[in-house]
Amino acid sequence: MKFSRLLPMDIVKKKQAHHPISAVTAYDVFTAQLADDAHIDILLVGDSCGNVVAGYSTTLPVTMDQIIYHSQAVVRGSRRALVVADMPFMSYQKSITQARKNAGRLMKEAGVAAVKMEILPAQIDTLRAVVEMGIPVMAHIGFTPQTMFQLGGYKVQGKTDVDATALVDLAEKVAMAGAFSVVLEMVPPAVAGRIRAAVSIPTIGVGAGPDCDGQILVFHDLVGLTEKSPKFAKRYTDLRSVISGALNRYREDIEAGQFPGAENSY
Ligand code: KIV
């Protein structure tokens, strides 16, 4: 049977062919269908669902069951894109055994073709262990939201020479450990450029400037659904005002006795 979805190796081939990689977060079937129709390469079921869908102030409360639930919807809603599921906080930090079990759950129960892990230097062995089990891993370095308290909040990473060199070193280690791609979050463009040149796997930037092999944004920022979006996110439309206009007109129609009309009645 031919597998019609993009696979991690297709994403790697895009870097080799100098084709920019597009990625966006998705948490539901509707968004997945729209992003798939738009030929976005990667749909990430990010733990950012904790912020934008559930309204938490951090991603930390997100659970494995929640990521599985959202991932199943995204897999059902898409046919072409590579679907990647985020490993939530404390689903892989405790031990290699825990990481392998939960990465396996995402593949088996959610039906995704890869997982994403935020990686600190101490987690290279965990990443390698998951890859060795046959599970493709997208690494995530730079600003890592699951460790935001240790990082002192939402801060650009790799600003000093020492920090920049440490990030390049970490990117090389994740590539050596077998990650098929690496997300670079909130790092200066020059550091992203150094990493891109240093590793053969694709770099996917989010707040990392143009010198990356691909870009990812949170869907709700991209379509203008969030109240405020970070400086690095471009709002391609303003769905917030479109939707709130529609909701207001709906309420006004009900109050004026104009909905439902004859055309909406049996
Ligand atoms: O959870 C998420 O949405 C992410 C992306 C911003 C890369 O990690």
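Atoms within a ligand are numbered from 1 in the order they appear, just like the ligands themselves.
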Kindly indicate, with the supporting measurements, whether the criterion side chain to side chain donor-acceptor pair (under 3.5 Å) is fulfilled by Tyr27 and Ser48.
CA-CA 9 Å; Tyr27 320 105; Ser48 52; 2.6 Å; yes
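For atom 4 (C) of ligand 1, the nearest protein heavy atom (residue, atom name, distance) is Leu44 CD2, 3.6 Å. When hydrogens are left out, the protein atom nearest atom 2 (C) of ligand 1 is Ser48 OG, 3.3 Å; that is the closest non-hydrogen contact.
More than 12 heavy atoms of other residues, nucleotides or ligands sit less than 6.0 Å from atom CE of Met90.
Taking the six-membered ring where tryptophan is involved, the planes of Phe259 and Tyr250 are perpendicular, since the angle between them exceeds 60° and thus also 30°.
The closest approach between any non-hydrogen atom of Lys116 and ligand 1 is below 4.0 Å.
For ligand 1, the atoms sitting less than 4.0 Å from at least one non-hydrogen atom of His140 are 8 (O), numbered in the order shown with element in parentheses. Here is the list of ligand 1 atoms found below 4.0 Å of a heavy atom in Gly46: 1 (O), 2 (C), 3 (O). Residue Thr25 approaches ligand 1 through these ligand atoms, each under 4.0 Å from one of its heavy atoms: 3 (O).
When only modelled atom types and interatomic distance are considered, Asp163 and Gln157 share no side-chain donor-acceptor pair under 3.5 Å.
No donor-acceptor pair under 3.5 Å is formed between the side chain of Arg128 and the backbone N or O of Ala177. For the pair Ser265 (side chain) and Gly261 (backbone), a donor-acceptor distance under 3.5 Å is present.
Checking only distances, Tyr27 never comes within under 3.5 Å of ligand 1, N or O to N or O.
Residue-level proximity to ligand 1 for Thr59 is absent, since no heavy atom of it falls below 4.0 angstrom.
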